[in-house]
Amino acid sequence: MQKNHAQHAHPLPDGDSQEIPEATPSLSARAMALPAYLDDLNGPQQEAVTELDGPVLVLAGAGTGKTRVLTTRIAHILNSGRARPEQILAVTFTNRAAREMKSRIGSLIGGQVEGMPWLGTFHAISARILRRHAELVDLTPSFTILDTDDQIRLLKQLLEAENIDPKLYPARQLAAHIDNWKNRGLLPDKVQGGEAFVFAEGRGANLYAQYQARLKDLNAADFGDLLLECLRLFQENQTVLSEYQDRLRYMLVDEYQDTNVAQYLWLRLLAQGGGNICCVGDDDQSIYGWRGAEVGNILRFERDFPGAKVVRLEENYRSTGHILGAASALIAHNSERLGKTLHTTGDDGEKVRLQGCWDDEEEARAICEDIEQLQRQGHTLNEIAILVRASFQMRAFEDRFVTLGLPYRVIGGPRFYERQEIRDATAYFEATLNPANDLKFERIVNTPRRGLGDATLNIIHTHARAHAIPVMQAARTLVETEELKPSQRRSLTDLLAQFDRWRAMVETMPHTQLAELILDESGYTTMWQNDKSPKAASRLDNLKELIRVMEEYDSLAGFLEHVSLVMDRDGDNGEDMINLMTLHSAKGLEFDSVFLPGWEDGLLPHQRSLDDTGSAGLEEERRLAHVGLTRAKAYAKITFAQNRRTHGLWQPAIPSRFIDELPEGDVQVEDPANQNGSYGVSRFDSEQSAFSGDYGTPGWQRARARKAQGSAPGGPPTLELKAIDTLSSADTDFKVGERIFHQKFGYGAIERIDGNKLTVEFEKAGQKKVVDSFVVRH
DNA sequence: TTCAATCGTCTTTTT
DNA sequence: GACGATTGAA
């Protein structure tokens, strides 16, 4: 079954072993150590593990032992003394994959993996590098990492300052453009030609440049920057690049088909050092084209890395013959592929089942029936998964699970740290540690409600921008003046005092205790306790969970670094539950039994994918279907509904074109009529559904009417000609006795100057303290 | 400033 | 149909 080539006597070039003699084990140790982990590998797998010199591309089909090859290769590099742990770069896309790799290397070499600092996600590794050389990219080592909320908030501010109508040009859209540019490794000045003129009448690239400048002001980087700035660091500093090229002697890349241009450039620069790069991927599992992944990277590998060795892993250890046959035949319809032929030596197993259903509810009922039957046959729920194309499909299943009392978990839903309450809480912590973090402060300044709304925030903001100082500092100045209403002044003063108090305790109080204190004293906990909505209770639970997780870190700062990059929820609490997730998040997982609902044209393949990217989109959807099928070890069932409710109205659906691409011999059609009998109530339900089908018409017409009406944008937005002087000045250049004008208080004369605080005798309003940025000379 | 009503949107998702 | 975001009134 497995061919053992001459692996044991594999060559070890003299030149290399000389450089790190202290790490080279004795010959006898090596001779004993090698076979142990190589013996279980098949020929190509062994080749992928032991081919240590020069670039290697491992084309690893689904279920062919990709992770095993990667981890064994690392163990092999370590074991053969070629490199020390800190000389190996191993990149993944997700923290989950990084964690798994770490633990599997650990079990291979016995014990824990210590000192592999360069094993992690692209983003985590880039962040690590950036912090060490922050000054070279105009940051400081303690720069903050923006989450998407912060990013949008910042862009909104930018658009407002530029008088761009947020209706016509939403911040999210700009964020998408910027993300897209960053994915392709483009800094603002590199955005070419017409593309620079997208968004807001040709201001796209300009806004991008402004955004980048603001990030530097804030000493912050967004996710895309982590890679892009790291790339710039390498490109502009040859000595830094050389340092890493020399240090990272072996490079391993997981899921290479998912790399975007920026990541590709990043890898290529580093690989130019020694060239010992090993990329593992599967072009047939490239499903992230829509967020910048370039299948081209894997298709071009041999050209990019001359002398590359390509190893194909085609023996599938996961699925039975029929499942593999169906999946292979399906993917064979794609034209843009490197081409692999998966095969298995295992049984044919059972055929892939196929069933049509009347509507999505019946689909959920049918699948739950099957699940209960599997359960009766002794299968555990943990080994059962339902993989949907779009998350709205989940609802029907969740409803059904709840009525039947079947336990289930949703994998890959909103991440723990992306939840509102977690972000609010961490914003409090962040603002406590780092008073210059404007975005975090602004996030919670009025949460819970403190009477500090948009109007107040705008005043603070104007002042902060005018003097180029952090928002919290601007607030500090303003509360000493009469610029704000007394109630707001009091409220803001209290908040600032609280932050000062908390900040003073950072060193003295254990960080978890301080965190709890902050949440209590700020009124944040109380806010949710008073909230009667059903979600409030779980939010409070999440906050407790957050504190619990914090115990694993030794300081608030240490925790915050991880929360932005590494933290994800661990849905796995060991209980026996059905797994429910999207096809995208199923990649890399496997289950005994897999249900694939919603194989309808328009859903899989998704209509929007077809509309946006045409045949390339169709191929990506087909890969998605292929990923779904290949998750199954022994049991796979495809279903489709003839009627599905989307956007609240019923729409007829036709079976996915992919269904007819499956080979007859591998598929067994289940008779819907037979199935109906066992439900008993199904016919009645169908009639109900048929009635509700007519429901759609008026609503649909209404929707049409609305659509026809809309899209008549008014003229260009009226420009408010109140130019805000954003020129900053260190100190005020007003003089005592000068006559000035203030928007709110009118005309007056300056009595006293105290930094940038002015005491003014106003003609109508009397004596007031104001800030210089709010008055103009008269 | 805040709350309530209305409007508009509705693939996939990591970091 | 449901959710979030935004707008308008108290």
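Here is the naming used below: chain letters follow the sequence lines, and residue numbers restart at 1 for every chain.
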*asked:* Counting the atoms with a prime plus P, OP1 and OP2 as sugar-phosphate, which does Glu255(A) contact under 4.0 Å by heavy atoms, base, sugar-phosphate, or nothing?
replied: nothing
*Contact class for Leu452(A) vs. all strands (heavy atom < 4.0 Å): base, sugar-phosphate, or nothing?*
sugar-phosphate
Atom pair distance, as rounded to whole Å: [atom1] in [X] and [atom2] in [N]:
{"X": "Leu603(A)", "N": "dC10(B)", "atom1": "CG", "atom2": "P", "value": "16 Å"}
{"X": "Asp360(A)", "N": "dG1(C)", "atom1": "CG", "atom2": "C1'", "value": "12 Å"}
{"X": "Leu610(A)", "N": "dT12(B)", "atom1": "CG", "atom2": "P", "value": "16 Å"}
{"X": "Asp399(A)", "N": "dA2(C)", "atom1": "CG", "atom2": "C1'", "value": "13 Å"}
{"X": "Arg395(A)", "N": "dG1(C)", "atom1": "CZ", "atom2": "P", "value": "11 Å"}
{"X": "Glu398(A)", "N": "dG1(C)", "atom1": "CD", "atom2": "P", "value": "19 Å"}
{"X": "Phe223(A)", "N": "dT13(B)", "atom1": "CZ", "atom2": "C1'", "value": "12 Å"}
{"X": "Ile178(A)", "N": "dT15(B)", "atom1": "CD1", "atom2": "P", "value": "22 Å"}

_Stacking between dT12(B) and Trp290(A), yes or no? Criterion: centroid separation under 5.5 angstrom, plane angle under 30 degrees._
yes
_Between the base of dT15(B) and the ring of His123(A) - centre-to-centre under 5.5 Å, planes within under 30° - is that a stack?_
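Check failed, His123(A) does not stack on base of dT15(B).
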_Closest approach of Arg623(A) to Asn334(A) (non-hydrogen atoms, all atoms of both residues)_ =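 Shortest heavy-atom contact: CG-ND2, 3.5 Å.
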*Of the non-hydrogen atoms in Pro605(A) and Ser656(A), which two are nearest, and what is the gap between them?*
CD-OG, 3.7 Å
*Of Met581(A) and Leu457(A), whose closest DNA chain B nucleotide lies nearer the 5' terminus?*
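The residue mapped nearer the 5' terminus is Leu457(A).
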_DNA chain B: 5'-proximal contact among Tyr288(A) and Lys485(A) (nearest heavy atom)_ =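 Counting from the 5' end, the first nearest nucleotide belongs to Lys485(A).
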With a 4.0 Å cutoff (strictly under), does any side-chain N or O of [X] reach OP1 or OP2 of [N]?
{"X": "Arg608(A)", "N": "dT11(B)", "value": "yes"}
{"X": "Arg172(A)", "N": "dT9(B)", "value": "no"}
{"X": "Gln263(A)", "N": "dT15(B)", "value": "no"}

Please determine, for the side chain of [X], which listed nucleotide ([options]) has the closest atom?
{"X": "Thr582(A)", "options": "dA2(C), dT13(B), dT11(B)", "value": "dT13(B)"}
{"X": "Thr94(A)", "options": "dT15(B), dT12(B), dT11(B)", "value": "dT15(B)"}
{"X": "Lys156(A)", "options": "dT6(C), dA2(C), dT2(B)", "value": "dT6(C)"}
{"X": "Arg389(A)", "options": "dT1(B), dT11(B), dT6(C)", "value": "dT11(B)"}
{"X": "Thr456(A)", "options": "dT1(B), dT2(B), dT15(B)", "value": "dT1(B)"}
{"X": "Ala455(A)", "options": "dA5(C), dT1(B), dT12(B)", "value": "dT1(B)"}
{"X": "Asn446(A)", "options": "dT15(B), dT2(B), dT11(B)", "value": "dT2(B)"}
{"X": "Arg645(A)", "options": "dC3(B), dT13(B), dG1(C)", "value": "dG1(C)"}

_Phe223(A) and His123(A) aromatic ring geometry - parallel, tilted or perpendicular at 30°/60° bounds_ = perpendicular
*Aromatic rings Tyr553(A) and His562(A): how do their planes relate, parallel, tilted or perpendicular, breaks at 30° and 60°?*
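Tilted.
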*asked:* With a 4.0 Å cut-off on N to O distance, would you call Arg450(A) and Asp494(A) a salt bridge?
replied: no
_Using 0.5 Å steps for rounding, measure from the NE2 atom of His463(A) to the CD atom of Glu483(A)._
8.5 Å
